[in-house]
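What follows is a single structure, written as structure tokens, with notes after it.
No hydrogens, no waters, no symmetry mates; every other heavy atom, side chains included, goes into these values. Residue indices begin at 1 and follow the sequence shown.
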Amino acid sequence: MKEWLYQLLSPDFNVCRSPRSYNSQVGVPLSVWLTNPHNDLAIIEAGISQSGEMARLERIVKPTIGVMTNLGVAHQENFMSYDIKCAEKMLLFKGCQTVVINSEDATIQKCADTLPENVRRVKLQVRQVEKNNDHATIHFEYGGQVGQYTIPFIDDASIENSITCFSTALLVFSDDIHVLCERMSRLEQVAMRLEVKDGKNGCTLINDSYNSDVQSLDIALDFMSRRPETKKQHRTLILSDILQSGEAPKSLYSRVAQMAVSRGIEKVIGVGEELTACADYFPMEHYMFRTTDALIRSQVFEQLRNEFILVKGARRFHFDKVSDLLTLKVHQTILEVNLNALVNNVRYYRRFMKPETKMVCMVKASGYGVGSLETSKTLQDNGVDYLAVAVADEGADLREAGITANIMIMNPETTSFKMLFDYSLEPEVFSFDLLEQLIYAAEKEGITNFPIHIKLDTGMHRLGFNPVEDMPRLIERLRRQTALVPCSVFSHFVGSDGDEFDTFSRRQFELYDRASRQLQEAYPHKIIRHICNSAGIEHFPEYHLDMVRLGLGLYGINARNNHILNNVATLKTTILQIRDVPKGDSIGYSRRTVLERDSRIAAIPIGYADGLNRHLGNRGCYCLVNGQKADYVGNICMDVCMIDVTDIDCQEGDTVEIFGDHLPVTVLSDALGTIPYEVLTGISNRVQRIYIQE
């Protein structure tokens with residue numbers, strides 16, 4: 001509904017909307033923060049799971065128009081009744097000028113009656129719904145006018161959502177209903193949980209692997225039953241236990257079984273303790289597993305062939321793994337990673353170093369977007385002294401994949417201490433509070449002399465001990481315990497990338513040098529000292545000390561001048577379609593690019609869901625097609641974008657370079673007014689990484 005309202009309203013208004021499913025206590029404020037003075041209106045999605053939450057969201061959103069979508073069973077166990085949950089949701093609308101509700105739902109209507117009398121209600125009467133092979137027509141009456149609109153969908157959920165969207169958009173188009181009706185006919189499929197995908201072994205897949213409740217299951221089964229192209233496939237439901245229903249398992253799964261029978265399901269594959277216990281309620285072919293991993297390892301899963309499969313599961317069952325294993329991988333956008341270039345970049349920076357100086361290589365954020373595992377294996381094989389990641393989970397994943405090199409954890413969390421000890425992950429320590437908690441946890445585990453890395457704040461003012469005021473107390477506390485032992489002491493240059501900061505950098509080093517020597521004097525063993533980052537390695541050879549830290553430079557970008565050293569990552573895709581578009585026509589959503597000449601426009605399968613920033617659209621930057629520049633035209637979409645290939649000799653299927661050997665990633669970061677880190681780490685995990693090593 002949120003996306004459809006955006007499609008209906010964005011041609012006339014600058015609209016901000018909640019991204020993805022940002023509807024929680026955290027997601028709503030994040031969504032509101034996206035609004036700016038240029039927006040004409042904002043569409044904010046809000047959801048709740050327990051009492052007290054909606055009042056907080058109401059104070060954040062302060063909506064002028066309220067839209068109640070429906071009242072489902074999700075989180076019902078947290079509410080005494082549907083009436084109570086509905087009343088909680090209705091709190092969002094207490095200050096609204098207008099509300100849009102389904103008056104045929106008695107519970108919603110009853111709650112809406114409690115709103116102030118001056119709140120306007122939209123009154124749209126649906127007289128008839130006609131379903132055809134590929135579209136539905138909704139006949140309505142509004143304000144004395146009788147009319148109809150058509151949508152290119154026939155499932156019940158889409159029809160219900162379209163009615164609510166139409167009613168809401170009427171607040172804008174009351175005098176131009178024919179315009180609204182025409183736009184309804186052009187509503188586009190939204191990439192959502194009920195997305196149909198090609199599966200392996202002749203299967204078709206409906207992926208709804210993020211939630212499991214009776215109402216959404218009914219919608220998904222209805223959607224499934226109306227797919228005409230799958231009539232020859234056996235219909236299979238892969239279902240997890242339905243959580244938070246507030247209903248007794250016997251009653252719940254009896255109803256689920258009846259729903260499956262009525263929608264023609266021929267096979268049910270269940271996962272969970274409750275489904276396993278209620279297996280006999282399913283009269284069709286059925287198989288039950290207690291865990292998702294047990295299902296994935298089974299012959300039942302391996303032998304799925306020529307079936308139309310609905311994957312429906314609660315989040316905790318991680319059905320995304322099931323969906324991923326069943327999906328036919330056809331994405332034509334890849335990130336090509338040159339491991340030889342990675343090694344050459346290490347060698348480049350080693351040229352500035354003495355042979356005895358150690359090196360830490362930063363592989364956090366999944367190796368700056370290129371993939372931490374293969375990167376770490378390559379670095380380990382080439383003798384780097386340390387790898388560094390942000391959090392313990394990243395380190396544990398590397399350990400389980402066979403990485404034996406020293407691993408430094410730059411942002412340890414108090415909940416991860418056991419993981420640090422179990423996987424021999426060495427945390428940085430930047431505060432007395434963290435130090436005390438880590439000592440307590442280590443002593444509780446009976447651990448002694450566990451290596452830690454002391455961080456000093458010499459001017460970054462991000463994390464770290466004060467190198468003047470804190471050192472006596474820090475040294476005294478470290479000497480009074482045996483659980484932890486300082487392995488290294490380090491700080492971070494603020495401006496080693498610019499000569500204009502040299503005076504400040506030298507002041508930083510003086511603070512660091514004095515404090516780190518104090519710590520060393522308190523211990524008989526050697527404590528490694530390090531302060532240089534990638535830019536510092538090149539700019540301050542006199543400050544290399546015992547070890548340096550290589551970050552962005554490892555991935556081929558010179559932090560001193562933004563020049564490319566040895567390019568590691570190449571993002572590429574292919575041309576899907578080319579069409580001729582006449583002068584004066586617009587390209588893409590919101591008609592942001594209007595062509596000034598007759599043009600050839602190509603569509604390529606990459607969008608903001610892959611990490612291609614929307615600000616590059618509308619000629620904000622370019623890609624390369626057969627070595628020539630092709631501007632991005634129109635707004636970049638979620639999965640596709642358009643490029644201008646008017647003067648380029650190309651055809652469908654040709655390769656497109658987004659960034660790489662011939663188009664530096666810095667061109668994109670400069671166009672965006674940001675840094676290469678952001679572009680690299682923003683590449684989505686759905687983009688396949690292909691590793692090349694000669």
Side-chain angles (χ1 to χ4, degrees), residues 334-410 419-420 422-428 451 453 487-488 490 528 530 532-534 536-538 544-559 564-571 660-661 665 676-677 680-681 683 685 687-694:
I334 63 170
L335 186 69
E336 198 172 83
V337 181
N338 188 329
L339 296 175
N340 293 91
L342 190 85
V343 174
N344 288 335
N345 291 327
V346 171
R347 291 172 179 166
Y348 172 84
Y349 282 96
R350 276 181 171 159
R351 287 176 13 204
F352 298 94
M353 301 160 49
K354 295 178 181 178
E356 64 270 21
T357 304
K358 300 178 184 295
M359 178 181 283
V360 183
C361 286
M362 312 302 291
V363 293
K364 61 182 180 178
S366 189
Y368 286 40
V370 305
S372 59
L373 178 55
E374 293 299 330
T375 300
S376 297
K377 284 181 178 178
T378 302
L379 294 171
Q380 179 174 273
D381 292 343
N382 282 271
V384 302
D385 301 279
Y386 266 93
L387 301 172
V389 296
V391 295
D393 286 342
E394 294 177 297
D397 288 343
L398 292 179
R399 284 281 186 254
E400 292 188 348
I403 300 299
T404 58
N406 297 319
I407 298 177
M408 187 183 300
I409 307 300
M410 307 302 287
M419 189 178 294
L420 297 177
D422 290 346
Y423 288 96
S424 298
L425 306 173
E426 303 174 18
E428 79 168 40
H453 301 266
C487 174
S488 85
F490 70 104
I528 299 170
H530 51 112
C532 282
N533 52 6
S534 294
I537 295 173
E538 195 169 348
H544 285 183
L545 306 178
D546 305 307
M547 188 160 68
V548 296
R549 301 188 303 275
L550 183 58
L552 189 62
L554 176 64
Y555 302 96
I557 301 167
N558 189 311
I564 300 299
L565 302 173
N566 300 283
N567 179 58
V568 172
T570 297
L571 182 61
D661 293 337
V665 67
Y677 294 83
L680 287 172
T681 59
I683 304 304
N685 287 334
V687 174
Q688 183 181 6
R689 272 69 170 169
I690 296 179
Y691 297 92
I692 299 172
Q693 189 165 22
E694 298 174 356

task = State, to 0.1 Å, how close Ala405 and Gln380 come at their nearest heavy-atom pair, and which atoms those are.
result = N-OE1, 2.9 Å

ask   = Please walk me through it: do Ile407 and Tyr386 pass side-chain contact (heavy atoms from CB on, under 4.5 Å)?
value = CA-CA 6 Å; Ile407 298 177; Tyr386 266 93; over 6 Å; no

Note, Val363 side chain near Tyr555 side chain (heavy atom, < 4.5 Å) = yes

task = State the CZ-CE distance between Arg350 and Met353, to the nearest 0.5 angstrom.
result = 6.5 Å

key: Matching residue for Ser372 among Leu379, Leu398, Val389 - test: side-chain contact (heavy atoms from CB on, under 4.5 Å)   = Leu398

request  = Look only at the side chain of Glu394 and the backbone of Val391, and say whether a donor-acceptor pair between them is shorter than 3.5 Å.
outcome  = yes

message = Quick check: do Thr570 and Asn338 have side-chain heavy atoms less than 4.5 Å from each other?
response = no

query = For the atom pair CD1 (Ile334) and CD1 (Ile683), what is the distance rounded to the nearest 0.5 Å?
reply = 12.5 Å

request  = For Pro451 and Pro427, work out which heavy atoms get closest and say how close.
outcome  = O-CD, 3.6 Å

ask   = Would you call His530 and Asp546 a side-chain contact if the rule is heavy atoms closer than 4.5 Å?
value = no

message = Please find the pair of heavy atoms, one from His544 and one from Gly536, that lie closest to each other, and give the distance.
response = NE2-O, 4.1 Å

ask   = What's the spacing between Glu336 CD and Asn567 CG if we round to 0.5 Å?
value = 9.5 Å

Closest approach of Ser488 to His453 (non-hydrogen atoms, all atoms of both residues) = OG-ND1, 2.5 Å

query = Is there side-chain contact between Tyr349 and Val548, with heavy atoms separated by less than 4.5 Å?
reply = no

task = Please examine the side chains of Ile557 and Ile564, heavy atoms only from C-beta on, and report whether any two atoms are closer than 4.5 Å.
result = yes

From CA spacing to verdict: side-chain contact (heavy atoms from CB on, under 4.5 Å), Asp397, Leu373 = CA-CA 8 Å; Asp397 288 343; Leu373 178 55; over 6 Å; no

query = Quick check: does any side chain N or O of Asp385 sit under 3.5 Å from a backbone N or O of Met359, one acting as donor and the other as acceptor?
reply = yes

Approximate separation, where rounding is to 0.5 Å, of Asn340 CG and Asn566 CG = 10.0 Å

message = To check you understand the geometry: which heavy-atom pair defines the closest contact between Asn406 and Glu426, and what is its length?
response = OD1-OE2, 3.8 Å

key: Inter-residue atom distance Thr375.OG1 - Arg689.CZ, 0.5 Å rounding   = 10.0 Å

inquiry  = Quick check for you: to the nearest 0.5 Å, what is the distance between Leu342 atom CG and Thr378 atom OG1?
reply    = 6.5 Å

key: Donor-acceptor pair, side chain of Arg399 and main chain of Tyr423, under 3.5 angstrom   = yes

inquiry  = Please find the pair of heavy atoms, one from Gly553 and one from Leu565, that lie closest to each other, and give the distance.
reply    = O-CD1, 4.1 Å

inquiry  = So Val360 and Met547, do their side chains get closer than 4.5 Å, heavy atoms only?
reply    = yes

